Amino acid sequence: METDFERVVVIGYGKAAGEILKYIADRQADYGYLLEFIEHELHALSVTAQICEESGIPFSSVPDRRELGVYLKEIQEKTLIVSASNNYLFPASLVEKENIAIINFHNALLPDYPGRNAPSWVIYQGEKRTGITWHYVTVGVDEGNIIIQKSCEIGPDTKAYELAEQLMDLACEGFFECFDAVLSEKVETRPQAFSPERRMYRSTEIPGEGFLNLEEEPDKIYRLLRSVDYGKTGVFPPLQTVVDGKRAKILRYRKIAPEKKKEEADMLYLPLADGNLLKIKYTNMSDEVG
Amino acid sequence: MEEKVLEILEEYCEEALDYTGDNMMEEGVIDSFTVINIVSELEDVFDIEIDAKYVVAENFRNKESIMDLVKRLVDDE
């Protein structure tokens, strides 16, 4: 198998980055490229460093974006950069270099939901399906030509972290399918068709603006809770609400059968359309709402 | 308490029950998404808050380290 790429650089974090890294390492013998991994964002439970150690893949941690930009721009060989679960925005001066090709995994079906935290926004908007897109990176964020897409359903109880995991699995599946075509530069890409309503979701945006309005329909409240649920990873700050005139912070929530209801302090129960109850545990914050 | 922790592990990561090593994450027995599920369940069952600073590989080395974590947090409540 032949490729003109002499070097492959993987940047990312989490499960998808790890699986893709292992796959590219396994295929190294087929093509003979050099492989390295760059960790740009730190993750408490990351295993990529371990994978690199076990597989003898050069590993470097470059948390500073300027340093990373300088490092990548100094690459002279023909190089494929694989961006897998990576929030670093590649500068135009790098994207436009002739010896560099960059492919990125976006966790939505582009051109819909470009930008950050797409799994949250699709849940919040009540979408029934979403998916992943591998695309070439261009100067515009998430605007490059599409290499491959995979889709999946969004269940009625799906939380953001569960969907993120499902999308990472799809990202791996899609990557394994298109990797040879990318390396041989024979991908039949298709351009994205942008609608005038297309909007970019920014990292500073939070579904519901981070506020849970108890006057809303319980099913919408449930969507909001699920959309910002990434466990303890701190993707979003805890939702806030107002209970009995006092500001409160949401601690956790759960859908339960009505017979499981137990009266407890700082707990709300809201009826869902499917007959279950939405149990919400909160804690009061010091200030009263005026 | 131990019994409840083991029940949760059985539901979300049965392999953890038989694991006798010292690093379930590195050895691929448990992944970060399973940890999120387990943390969420532990919080609900024991009515405790597990702060993000505790959700690190060190506290999820094996079932014993998870039980130690829960015991500390329950005692602190």
Side-chain angles (χ1 to χ4, degrees), chain A residues 13-19 22 42-54 85 119 157-169 172 225-226 228-238 249-256 260 262 264-267 278-283, chain B residues 1 4-5 7-16 19 21-74 76-77:
Chain A
Y13 61 89
K15 186 178 177 182
E19 291 301 313
K22 279 194 269 186
L42 304 177
H43 193 291
L45 301 171
S46 178
V47 292
T48 40
Q50 177 75 14
I51 292 170
C52 287
E53 195 182 324
E54 284 171 3
S85 297
D157 301 312
T158 301
K159 301 173 179 97
Y161 71 86
E162 292 170 332
L163 183 57
E165 180 182 26
Q166 199 176 351
L167 294 174
M168 283 187 192
D169 289 342
C172 294
L225 287 162
R226 291 186 288 116
V228 296
D229 187 354
Y230 286 92
K232 301 291 175 178
T233 51
V235 173
F236 294 113
K249 184 171 76 173
I250 305 300
L251 295 178
R252 54 185 179 269
Y253 69 98
R254 181 154 296 223
K255 183 160 112 171
I256 60 161
K260 295 255 175 101
K262 284 190 290 184
E264 292 173 54
D266 301 336
M267 193 80 84
L278 176 58
K279 179 174 103 170
I280 303 174
K281 175 83 174 175
Y282 64 92
T283 183
Chain B
M1 185 209 79
K4 280 185 181 174
V5 173
E7 276 174 24
I8 292 169
L9 287 178
E10 187 176 12
E11 184 179 350
Y12 291 100
C13 184
E14 212 174 340
E15 282 178 67
Y19 178 76
D22 202 33
N23 202 332
M24 289 200 291
M25 296 218 61
E26 281 188 6
E27 292 184 31
V29 174
I30 195 168
D31 64 21
S32 55
F33 294 102
T34 309
V35 169
I36 294 176
N37 277 322
I38 290 171
V39 166
S40 168
E41 195 68 23
L42 290 171
E43 286 186 327
D44 196 54
V45 168
F46 294 101
D47 196 21
I48 52 174
E49 270 306 292
I50 303 180
D51 191 273
K53 68 185 177 196
Y54 298 117
V55 186
V56 291
E58 176 66 16
N59 287 324
F60 291 84
R61 284 179 288 116
N62 46 39
K63 58 180 181 289
E64 288 80 14
S65 65
I66 298 173
M67 283 192 274
D68 287 346
L69 172 67
V70 174
K71 189 168 184 312
R72 285 202 313 271
L73 294 172
V74 168
D76 287 350
E77 283 284 307

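Below, chain A is the first sequence line, B the second, and so on; all start at residue 1. Here the structure is a predicted model, which means the values were calculated and not measured.
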Output, in order, the C-alpha distance, side-chain angles, deciding distance and verdict of salt bridge (Lys or Arg N to Asp or Glu O under 4.0 Å) for A:R254 and B:E41. CA-CA 10 Å; A:R254 181 154 296 223; B:E41 195 68 23; 2.7 Å; yes
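- How far OG of B:S40 is from OH of A:Y161: 5.0 Å, rounded to the nearest 0.5 Å.
- Salt bridge annotation for B:D47-A:K281: present, with a cationic side-chain nitrogen under 4.0 angstrom from a carboxylate oxygen.
- In this structure, A:K232 pairs ionically with B:E49, as a charged nitrogen and a carboxylate oxygen lie closer than 4.0 Å.
- Among A:K279, A:K260, A:K262, the single residue meeting the salt bridge (charged side-chain N to carboxylate O under 4.0 Å, His left out) criterion with B:D44 is A:K279.
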Full working for side chain to side chain contact (heavy atoms under 4.5 Å, CB included) between A:E162 and B:I36: CA-CA 9 Å; A:E162 292 170 332; B:I36 294 176; over 6 Å; no
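- When each of A:K159, A:R252, A:E264, A:M168 is scored by its heavy-atom pairs under 4.5 Å with chain B, the top score falls to A:R252.
- Around the CZ atom of A:F236, the shell of radius 6.0 Å holds more than 12 heavy atoms that belong to other residues, nucleotides or ligands.
- When heavy atoms are compared at a cutoff of 4.5 Å, A:E165 approaches chain B by way of both its backbone and its side chain.
- Under the side chain to side chain contact (heavy atoms under 4.5 Å, CB included) criterion, B:E14 pairs with B:E10, B:L17, not counting sequence neighbours.
- No more than 12 heavy atoms of other residues, nucleotides or ligands sit less than 6.0 Å from atom CD of A:E53.
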